[in-house]
Amino acid sequence: MDVVHFSIGSILSIALQALLLSSSYGSLEPYDLLYNNAVEAFYRNDYKDVVRHMEGALRSYAEVRQTKVRCRLRCQNQHPFDSASMDLQFFDVVLRRSYCQNECIEEKVGTQSMHKISEDVIQDFHRRIPYNYLQLAYQKLKQLDKAAAAAHTYFQANPESVEMDQNLEQYKALEGTNLDHFVDREARPHQRSFSAGVKLYDNANYEEAISLFEEALQEYYRADVECRALCQGPQRFEEQDHILYRYSLYQLVSDHFTQVLHCEHECVRDLSTRPGRLSPMENYLPLHYDYLQFAYYQLNMVEEALACAQSYLLFHEGDEFMTENVEYYREAIGHDLKPREIFAHSFSLSSSPTPSYYNKAEWYLRRHEQELELLMIGSDNMHVELTEGHYWTSTGGREDSNRIPSGTDGWMEYVPISEKKNFTLAPPQELREGGPLVYDSVQLIQNSQALNGTQRVLLDDVMSVEECAELKNLAHTITMAGDGYRGKMSPHTPNERFEGATVLKALQYGYEGRVPLKSARLFYDVSERARRIIESYFLLNSTLHFSYTHLVCRTAITGQQDHRNDLSHPIHADNCLLDPEANECWKEAPAYTYRDYSALLYLNGDFEGGEFIFTEMDAKTVTAQVKPKCGRMVGFSSGGENPHGVRAVTRGQRCAVALWFTLDPLFRELERLQADEVVQALDNQSSQSKWDTSLNINPKDEL
């Protein structure tokens, strides 16, 4: 026994020494572990531990992010691609840069595998879910100033949260809180400075406005460098999940850098998008120079005004009003000036040198020209600004040659969405319904008239009880939180667990033997059954294609259902941006404008809440309500005529197959086409052994 005790003691001693050595090398507690500890503390009502762990999680999250930025920038600078003229030299730089980054990151935060975080936790932090827990914990601890700040921070990214809106009103009415407590702890410096600058500009306080606009520009370029640095890590290429995908070294490398470029492109949109919003602020970066050129002119700083006007023209070459301003400024000072420079030292990242190519504004802006064209709508003579769901265009007259930045003066004229230049709507199909239901078992329960709308239908017995049970069992195995949304904002609420899976993933799991192949094939077949019914019932004169197919379950989280007044899925339309205040639905990006019809096929009804609802455009007036049950399907056209949502699931789990369809073959679902190939390959095989030799599967790496 003594020997055993001695051995255990020796092992513990060695382990302790190893731990101390590793901690001296650098380690940081993973934020997903701290987050999980905070959530567990919340459910046992230990609010001090909630605060301790959640604040620690937020610090850890920020530290990991900044460490990656610093290390990647430093290693990019140490190992540039400029000298890599041959393939082997290129791969040498790739390997050296990767080794440099890994060594640098692990020196600061510890083993990187400790910080490999699941997608659902990452999405929680992006949506600021930790602040929801914090505001409740601080409230229980009577720290109302911190509770107000946490609530305000959460609400900025979740403006649809009715519950948090009410909480904020209560905090404002409480004694001991004031407006200074309602701060956004996650405010992005470039957006904060820009918004403050606009307010000062509107009050004709040009000197202070200039200071804030200049600060906003420096912060913007700093944020851009950071965003692009974060794109340099491991990437996930969608095609690699395809069962028939065969790759070579060169293809994998090109796939990786294609995704890096795509990620960097998205930085332009990300930096101009406010938290909780889907659309970027129109013309965001050029507007800084627009405001600045006129503010400098007001202070008689004409040279600075000219440089800013020239910078603006790098975005909108040939713009009529700005070109006139440039000519006016040239005449005033008697000579020309180049566009402004961006000084790298103004946004250096501590010890990490900023890449030299960010020194010149012209190179930077030219590099972004094509990216910005995707985000800015308009032409040389028309500048459009989206404000509270309305479009404004600078088509009015001017008293002199002084250009006033868009959206700041009374000569801005309202333009209805239908008159917006370059905006076209495809001619609608003739709206019809009442066609055959294709399958004998399917029953028509309610048509559009009974559902108080247009292009709506409610059907029963689209699936049998046995099929519902089989698909629900499949869902329990293959669905994961956030899966199927490819990083986009999902409609789940902090009070429910939202999980999903695609058809291709089901077939992949079936091939790997992780689920019955028969169940995976059922998912495929049932979705095709739904497509045929919708196409036939609405008497469509062209083929209806899959746009997206998703097996999804929403589960009520125990302990979070008291006094709920939020929705499981906020009111929305499927192919346009719903604007309840304007009573309009704008059919434009980032909405899935190509979607034409939608359907929801339910697998069960043994839960509380979760009713599907149609509303008016105001997103408040309910026009119809559907209680889910096995085999029931609701189908409808995807436009603004059918705003809809889902009431809160307050007990149990609600599962359904969600389907979106398009009449445009260009927007067919890629994963569905891949699934079609897999099913065709299966049908062409007479035995499992033959199928094994003909398919070269590339399972997704889940490590």
Side-chain angles (χ1 to χ4, degrees), residues 119 236 238-246 439 441 462-486 490 498-534 545-555 599-604 630-631 633 653-661 668-702:
E119 187 62 29
R236 176 180 176 270
E238 292 173 5
E239 294 292 329
Q240 293 175 356
D241 288 340
H242 180 24
I243 292 176
L244 301 181
Y245 178 69
R246 296 179 176 85
Y439 303 92
S441 63
V462 177
M463 293 173 60
S464 68
V465 174
E466 293 75 20
E467 288 174 328
C468 287
E470 187 170 354
L471 277 190
K472 195 173 180 189
N473 288 334
L474 177 70
H476 290 161
T477 305
I478 69 172
T479 57
M480 294 179 62
D483 188 275
Y485 282 88
R486 301 174 185 173
S490 62
F498 188 96
E499 301 162 308
T502 60
V503 170
L504 186 61
K505 180 179 179 180
L507 289 170
Q508 187 173 0
Y509 273 41
Y511 170 78
E512 295 170 356
R514 298 162 73 173
V515 298
L517 191 56
K518 173 175 169 288
S519 299
R521 179 62 185 266
L522 176 63
F523 182 13
Y524 176 90
D525 291 339
V526 161
S527 56
E528 171 61 19
R529 188 185 309 169
R531 187 200 66 80
R532 291 187 63 195
I533 293 172
I534 295 297
H545 305 280
F546 287 98
S547 167
Y548 192 53
T549 312
H550 198 209
L551 176 59
V552 58
C553 293
R554 307 161 191 261
T555 307
L600 293 154
L601 177 54
Y602 300 108
L603 307 186
N604 67 314
C630 167
M633 182 170 78
Q653 184 182 65
R654 175 190 190 269
C655 294
V657 177
L659 306 116
W660 293 269
F661 306 104
R668 288 178 294 178
E669 180 184 8
L670 175 61
E671 284 202 6
R672 187 72 191 199
L673 296 176
Q674 296 169 347
D676 291 341
E677 294 177 18
V678 174
V679 170
Q680 184 178 5
L682 281 169
D683 290 342
N684 290 337
Q685 302 305 316
S686 59
S687 68
Q688 182 67 34
S689 60
K690 288 184 180 180
W691 184 55
D692 285 342
T693 59
S694 65
L695 288 181
N696 183 13
I697 193 169
N698 175 37
K700 180 168 65 176
D701 180 11
E702 295 185 340

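The residues of the chain are indexed from 1 along the displayed sequence. The shown structure was predicted, so the numbers you read here are calculated from the model rather than taken from an experiment.
- The shortest distance between side-chain heavy atoms of Asn604 and Cys630 does not fall below 4.5 Å.
- Taken to the nearest 0.5 Å, the CG atom of Leu670 stands 8.5 Å off from the CG atom of Leu504.
- Residues forming a side chain to side chain contact (heavy atoms under 4.5 Å, CB included) with Thr477 (at least two apart in sequence, or on another chain): Val515.
- Under the 4.5 Å side-chain criterion, counting only non-hydrogen atoms from C-beta, Thr479 is not in contact with Val552.
- When the side chain to side chain donor-acceptor pair (under 3.5 Å) test is applied to Glu470, the partners found at least two apart in sequence or on another chain are Lys518, Ser519.
- Under the side chain to side chain donor-acceptor pair (under 3.5 Å) criterion, Arg672 pairs with Ser527, not counting sequence neighbours.
- Taking Glu467 as the reference, Met463, Ser464, Leu522, Arg529 meet the side chain to side chain contact (heavy atoms under 4.5 Å, CB included) condition, with sequence neighbours excluded.
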Quiz item: Leu603 and Leu551: side-chain contact (heavy atoms from CB on, under 4.5 Å), yes or no, with the steps?
Solution: CA-CA 10 Å; Leu603 307 186; Leu551 176 59; 3.8 Å; yes
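- For Ala599, the side chain to side chain contact (heavy atoms under 4.5 Å, CB included) criterion is met by Ile534, Met633, Leu659, Phe661, not counting sequence neighbours.
- Under the side chain to side chain donor-acceptor pair (under 3.5 Å) criterion, Arg532 pairs with Tyr439, not counting sequence neighbours.
- Distance check, rounded to the nearest 0.5 Å: CD of Glu671 to CD of Gln674 gives 6.0 Å.
- In terms of heavy-atom proximity, Leu507 sits nearest to Ala675 at CD1-CB, 3.7 Å.
- Val503 has its side chain out of reach of Phe546: every pair of non-hydrogen atoms, C-beta onward, lies at least 4.5 Å apart.
- Here the CG atom belonging to Asn473 is positioned 11.0 Å from the SG atom belonging to Cys468, to the nearest 0.5 angstrom.
- Counting only heavy atoms from C-beta outward, the side chains of Thr549 and Thr502 never approach each other to under 4.5 Å.
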Practice problem: Just do the side-chain contact (heavy atoms from CB on, under 4.5 Å) check on Leu600 and Val657 with the steps written out, would you? | Solution: CA-CA 6 Å; Leu600 293 154; Val657 177; over 6 Å; no
Exercise. Carefully, step by step, assess Asp676 and Tyr524 under the rule side-chain contact (heavy atoms from CB on, under 4.5 Å).
Key: CA-CA 9 Å; Asp676 291 341; Tyr524 176 90; 2.6 Å; yes
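- Atom CZ of residue Arg668 and atom OG of residue Ser547 lie 12.0 Å apart, to the nearest 0.5 angstrom.
- With rounding to the nearest 0.5 Å, the separation of CD1 in Ile533 from CD in Glu528 is 10.0 Å.
- A search for salt bridge (charged side-chain N to carboxylate O under 4.0 Å, His left out) contacts involving Arg521 returns Asp525, Asp683, not counting sequence neighbours.
- Rounding to the nearest 0.5 Å places SG of Cys655 at 10.5 Å from CZ of Arg554.
- Using a 4.5 Å cut-off on side-chain heavy atoms (C-beta onward), Glu499 and Gln653 make contact.
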